[in-house]
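One structure is given here, and the rest of the page talks about it.
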Amino acid sequence: MSSRPVVTRFAPSPTGFLHIGGARTALFNFLYARHTGGKFLLRVEDTDRERSTPEAVAAIFEGLNWLGVTADAEPVFQHQRADRHRAAVEDLLAAGKAYRCYLTIEELEKAREIARAEGRAIRSPWRDQTPSDPSAPHVVRFKGPLTGETVLQDLIRGEIRFQNIDLDDLVLLRADGAPTYNLAVVVDDHDMGVTHIIRGDDHINNAARQTLIYQAFGWEVPAMAHLPLIHGPDGAKLSKRHGAQAVGEFADMGYLPEAMRNYLARLGWGHGDSEIFSDSEAQAWFEVADVVKSPARLDWQKLGFINHHYIQAADNGRLADLVGTVLQARGEALAEPLRQRLPELIGCLKEGAKTTLELADALSFLLKRRPFALDAKTTSLLTDETRARLSRLRETLADVVFERASLEVAIRSFAEAEGVGIGKFGPALRGVLSGGAPAPDLATTLFTLGKTEALARLADAL
RNA sequence: GCGCCCUUCGUCUAUCGGUUAGGACACCAGAUUUUCAUUCUGGGAAGAGGAGUUCGAUUCUCCUAGGGCGUACCA
């Protein structure tokens with residue numbers, strides 16, 4: 001292909017949020033650029049002014065930012081380059097590689113109907129006709145070859161062949177003079193020096209026609225790679241009912257960006273048996289040719305597994321900030337002593353958490369304000385015998401230093417002194433301390449509660 | 001209709017003509033255990049179907065089936 005330094009790009013159309021499939025496309029472009037020491041660029045494909053919104057642009061940038069997939073240059077806005085696009089079309093017109101088409105919408109629809117019935121691509125009669133009035137309303141179409149074939153060398157799928165007769169003469173300039181996507185991508189990718197186009201496989205068909213346009217301009221055709229789409233767990237196209245589509249939703253559901261990067265990279269790409277890998281490993285290993293051809297399904301359980309791993313590895317201070325946001329969103333205030341201890345508490349409680357939402361759940365027993373009612377299960381455990389035993393335990397604990405290790409020892413020796421197993425009073429103790437909310441092992445529960453609060457809760461229940 | 005793409009355990013994948021078809025998630029069983037969870041050990045689980053090519057096909061070719069994408073003055 002080319003020995004130029006690699007330039008990749010992500011070119012979203014700002015008509016909505018950043019879809020998870022788009023996020024992965026961006027990630028792959030980013031990884032490949034990093035892998036090769038090249039550049040990763042961003043281009044907003046907003047040639048359709050009707051459907052593009054600034055909110056969508058903001059949402060997409062925000063999503064990419066969160067994911068940590070950042071461009072190496074300022075983003076290009078396609079609509080700002082309309083003059084350049086029009087000039088390029090003039091060149092094509094002058095070279096006889098494009099023509100003005102005066103078909104009305106009605107005529108077009110009729111022609112399309114016929115072409116479809118005959119199973120062939122639509123062809124405008126204006127291909128070889130000169131109009132009596134050249135200034136009449138018209139679009140400019142590409143004049144594609146009628147014979148021969150166009151061959152794509154897809155980096156992922158290999159050779160893909162199209163008969164040129166099956167490719168229609170696409171519109172380059174609309175009736176109002178606005179450039180269309182298929183023209184703009186080619187001109188922009190060329191002008192931006194893009195060497196590798198990595199995009200969703202819904203663009204394979206366009207790739208053939210775009211190749212023809214490159215050739216008409218006499219430009220080098222970039223290397224292309226078409227990624228399979230991401231489907232929902234049931235194999236159908238990802239939609240709302242699958243839980244989430246937008247990367248922002250994944251953030252809200254408590255997933256960490258590094259976990260998303262790992263999971264998304266693993267979805268459709270892999271490096272041997274590696275399941276969990278760092279960003280630098282991903283960058284070192286990523287090859288476009290290793291991307292899998294078939295579409296992958298989103299698997300929430302595996303995402304949860306990966307996220308669990310990264311939560312365990314994450315800095316507790318950072319998790320505390322994240323959890324703070326979650327609690328705030330839930331309207332749960334954090335008392336000052338707890339807020340200060342949050343990183344430490346999270347260190348004690350994060351073991352089983354798969355998301356920051358679950359992490360917040362794990363804190364819920366700490367958030368209770370006493371006095372609180374006990375749940376039915378705990379109440380039933382509180383027989384007179386147990387009550388008496390917990391009362392003795394309370395006295396014992398009053399003299400214990402509230403550190404996890406010493407609490408652990410204290411509980412064990414108390415059980416020994418009582419001549420019973422921990423199972424005899426442990427569940428009741430936990431219930432009394434947590435009010436029935438899930439809580440970790442006893443020593444941790446006591447420790448995170450703190451001596452004052454723990455003894456008070458015990459006293460409340462006895 | 002026409003064109004193009006895809007098809008290995010439930011899911012993500014490894015294999016690049018010769019393997020007991022490997023790993024991970026999930027699942028099941030057992031162990032540990034002060035709830036839930038965690039952790040540990042073990043287990044079941046796959047080449048869509050049919051023709052070829054070949055000494056030998058998951059791997060190469062073709063057909064069929066199923067799924068997807070495109071077929072716009074959307075991107």
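From a predicted model like this one, the values you see are computed outputs, not experimental measurements. Per chain, numbering begins at 1; letters A, B, ... match sequence-line order.
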With sugar-phosphate meaning primed atoms plus P, OP1 and OP2, does A:Tyr263 contact a base, only sugar-phosphate, or nothing at under 4.0 Å between heavy atoms?
-> nothing
Would you call A:Asp168 and A:Arg112 a salt bridge, using N to O less than 4.0 angstrom?
-> no
Base paired to B:C27 (Watson-Crick or G-U; both N/O distances under 3.5 angstrom) | B:G43
Sorted by number, residues from residues 53-61 of chain A placing a heavy atom under 4.0 Å from RNA chain B are none
Would you indicate what A:Leu267 reaches in the nucleic acid, counting non-hydrogen atoms under 4.0 angstrom: base, sugar-phosphate, or nothing?
-> sugar-phosphate
Considering just the side-chain nitrogens and oxygens of A:Arg116, establish if one lies under 4.0 Å of OP1 or OP2 belonging to B:G70.
-> no
Quick one: is A:Arg266 getting a side-chain N or O under 4.0 Å of the B:A24 phosphate, OP1 or OP2?
-> no
Does a side-chain N or O from A:Arg161 land closer than 4.0 Å to OP1 or OP2 of B:C4, or not?
-> no
Examine B:C74: is either OP1 or OP2 under 4.0 Å from a nitrogen or oxygen in the side chain of A:Thr47? Give yes or no.
-> no
Respond yes when some side-chain nitrogen or oxygen of A:Arg174 is under 4.0 Å from OP1 or OP2 of B:A75, and no when none is.
-> yes
Is the A:Tyr102 ring parallel, tilted or perpendicular to the A:His138 ring (thresholds 30°, 60°)?
-> tilted
For A:Arg430, answer base if it contacts any base atom (sugar-phosphate contacts may also be present), sugar-phosphate if it contacts only those atoms, and nothing otherwise; contact means non-hydrogen atoms under 4.0 Å.
-> base
Is the closest basic N to carboxylate O distance between A:Asp460 and A:Arg457 below 4.0 Å?
-> no
